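Everything numeric in this text was worked out from a predicted model, so none of it was measured. Proteins get letters first, then strands, A, B, ... in listed order; numbering begins at 1 in each.
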Number of protein chains: 2
Amino acid sequence: MSAVDIIGDRQITRPSGLAEEVYRRIRADIMSLKLPPDTRVSVDSLARELGVSQTPIREALSMLEANGLVSKKHFTGYATAPRMDRAQLDELFEFRLLVEPHAARKAAEAMIEADIGSLGAVSGESASSHDGFADMDTEFHKLIAQGAGNNLIADSLARLHIHVHIFRSCFRSEIAEEAVHEHDAVIAAIRARDGAAAESAMRRHIERSYGRLRDFIND
Amino acid sequence: MSAVDIIGDRQITRPSGLAEEVYRRIRADIMSLKLPPDTRVSVDSLARELGVSQTPIREALSMLEANGLVSKKHFTGYATAPRMDRAQLDELFEFRLLVEPHAARKAAEAMIEADIGSLGAVSGESASSHDGFADMDTEFHKLIAQGAGNNLIADSLARLHIHVHIFRSCFRSEIAEEAVHEHDAVIAAIRARDGAAAESAMRRHIERSYGRLRDFIND
DNA sequence: GGTCCGCCAATCCTATAGGATATTTGATCC
DNA sequence: GGATCAAATATCCTATAGGATTGGCGGACC
């Protein structure tokens with residue numbers, strides 16, 4: 001009998017290592033703004049708080065650094081990345097505008113029916129709270145990127161979307177009713193297998209989203 | 001006086017930490033095929049070989065894992081990523097085809113003169129050896145991505161280009177005379193500040209490059 | 001009053017030791 | 001001869017202790 005066992009809901013608790021678990025935890029704390037941008041992160045404190053040794057903390061922070069969520073200064077320690085400035089927001093949306101409409105088109109052409117079903121499941125409902133909308137938005141874009149059948153694109157967008165999430169959370173942006181409608185437009189086009197319509201609907205969504213977020217920053 | 005000192009060519013040797021140095025070292029070994037794809041990588045061995053403790057090795061490997069160059073299996077150890085298969089190659093070039101022509105267009109419109117100068121410096125010369133061409137190709141695409149003024153794009157492409165480099169090295173691909181000509185066509189278009197021409201020249205270059213690499217794989 | 005210098009605390013960085021696990025090897029049995 | 005099982009090895013994972021460095025604080029000096 002292995003040390004890991006079957007738990008109630010028939011799910012193996014595969015221990016991918018403490019490092020990965022710590023990674024998820026810290027990333028969650030960053031995304032929930034429990035660790036605000038530009039905040040010092042002490043290895044020692046985290047080790048005590050989470051009740052593990054320093055080594056897995058260090059590994060997790062190294063991975064977070066490689067993903068651009070924290071930065072390390074030699075002999076000074078780690079700190080969460082500063083909030084995006086105007087230039088970075090521009091760069092990020094230029095990138096999204098380049099990739100996501102293409103992904104939407106491919107998804108409309110190649111997505112399997114089952115995944116289109118799950119896509120409908122993240123439409124509108126549970127968009128009552130701010131966090132609810134954020135999670136829904138994340139899931140929406142992730143499903144489409146995966147539906148396009150390109151893991152590289154999906155991973156790149158997921159990595160970037162984290163920063164969008166943080167930026168949006170910083171300003172407690174009101175839940176955009178428009179965004180839900182824009183999502184629905186994309187979903188409808190994908191359901192209709194209309195690649196061109198999906199591409200332009202996604203482009204419109206991202207452009208509007210860009211406009212909504214850009215208002216918060218003027219430096 | 002700080003511990004780090006000024007060296008001959010007026011450059012500070014800023015010690016970014018052992019972890020980063022180890023990171024570069026391992027990445028170089030992977031790119032030079034000294035660590036071939038799908039090869040076990042022992043933390044202990046590396047520690048002894050490089051004469052450092054296990055901790056910086058572990059941090060470096062964590063960063064490499066986040067960048068997709070090695071993978072970790074719990075209680076089994078690290079291993080270099082397996083060589084790209086056909087599907088991954090397709091995904092990678094779909095991505096490049098999406099991003100790089102756009103970058104070339106922007107570079108033609110916005111690149112400053114000085115950088116165009118350095119661009120000409122990587123044209124043709126030192127393309128005699130295989131490694132020489134590989135480095136030149138890397139530098140060529142990096143300069144254009146940076147010239148487009150979008151760090152996100154530049155970083156994403158740099159990360160992907162490493163895998164192209166490894167794949168090409170695996171097959172000891174002959175130095176493609178064509179590639180140099182295609183590069184020159186892009187450079188000429190950028191020099192002429194012709195965005196449309198730069199975009200299509202880059203698209204053509206990547207498509208041809210894709211065709212050249214695709215021949216090596218048929219599974 | 002402003003500036004510079006030395007001290008102190010906090011933190012990171014490194015090294016080593018011990019526990020746990022997967023893979024491999026060898027012998028035994030069918 | 002092939003398959004199965006068990007022990008041994010190599011490796012990773014964790015924890016703790018000690019050395020090195022940076023940044024901040026207070027006092028002295030101009």
Using a cut-off of 4.0 Å on non-hydrogen atoms, how would the nucleic acid contact of B/T76 be classed: base, sugar-phosphate, or nothing?
sugar-phosphate
From NE2 of A/H74 across to C1' of D/dT22 the rounded distance in Å is 10 Å
Between CD of A/Q54 and P of C/dA15 the distance, given in whole Å, is 15 Å
inquiry  = Donor-acceptor check, side chain of B/K106 to backbone of B/A148, threshold 3.5 angstrom: yes or no?
reply    = yes
Separation of D/dG23 atom C1' from A/R40 atom CZ, nearest Å, is 9 Å
Practice task
May I ask you to check whether B/D115 and B/Q146 show a side-chain donor-acceptor distance below 3.5 Å?
Solution key: no
Item checked: Any B/R58 side-chain N or O less than 4.0 Å from OP1/OP2 of D/dC12 -> no
Between B/V43 and A/G51, the residue closer to the 5' end of DNA chain D by nearest nucleotide is B/V43
Here the distance between atom P of D/dA17 and atom CG of A/D44, to the nearest Å, is 13 Å
Distance below 4.0 Å between B/K73 side-chain N/O and D/dC12 OP1 or OP2:
no
Margin query: Between B/R214 and B/E207, does any side-chain N to carboxylate O distance fall below 4.0 Å?
Written below: no
Residue pair B/R48/A/T55 against DNA chain D: nearer the 5' end by closest nucleotide is B/R48
Atom CG of A/L18 and atom P of C/dG19 are separated, to the nearest Å, by 18 Å
Can you check whether A/E91's main-chain N or O pairs, donor with acceptor, with B/N150's side chain at less than 3.5 Å? yes
Evaluate the ring planes of B/H161 and B/H141, with Trp represented by its six-membered ring, and classify them as parallel (under 30°), tilted (30 to 60°) or perpendicular (over 60°).
tilted
Phosphate-side-chain proximity, B/S53 and C/dT14, N/O vs OP1/OP2 below 4.0 Å = no
To the nearest angstrom, the CD1-P distance between B/I57 and D/dC13 comes to 14 Å
A/F75 CZ to D/dT21 P, in whole Å, measures 6 Å
Here the distance between atom P of D/dT14 and atom CD of A/E59, to the nearest Å, is 7 Å
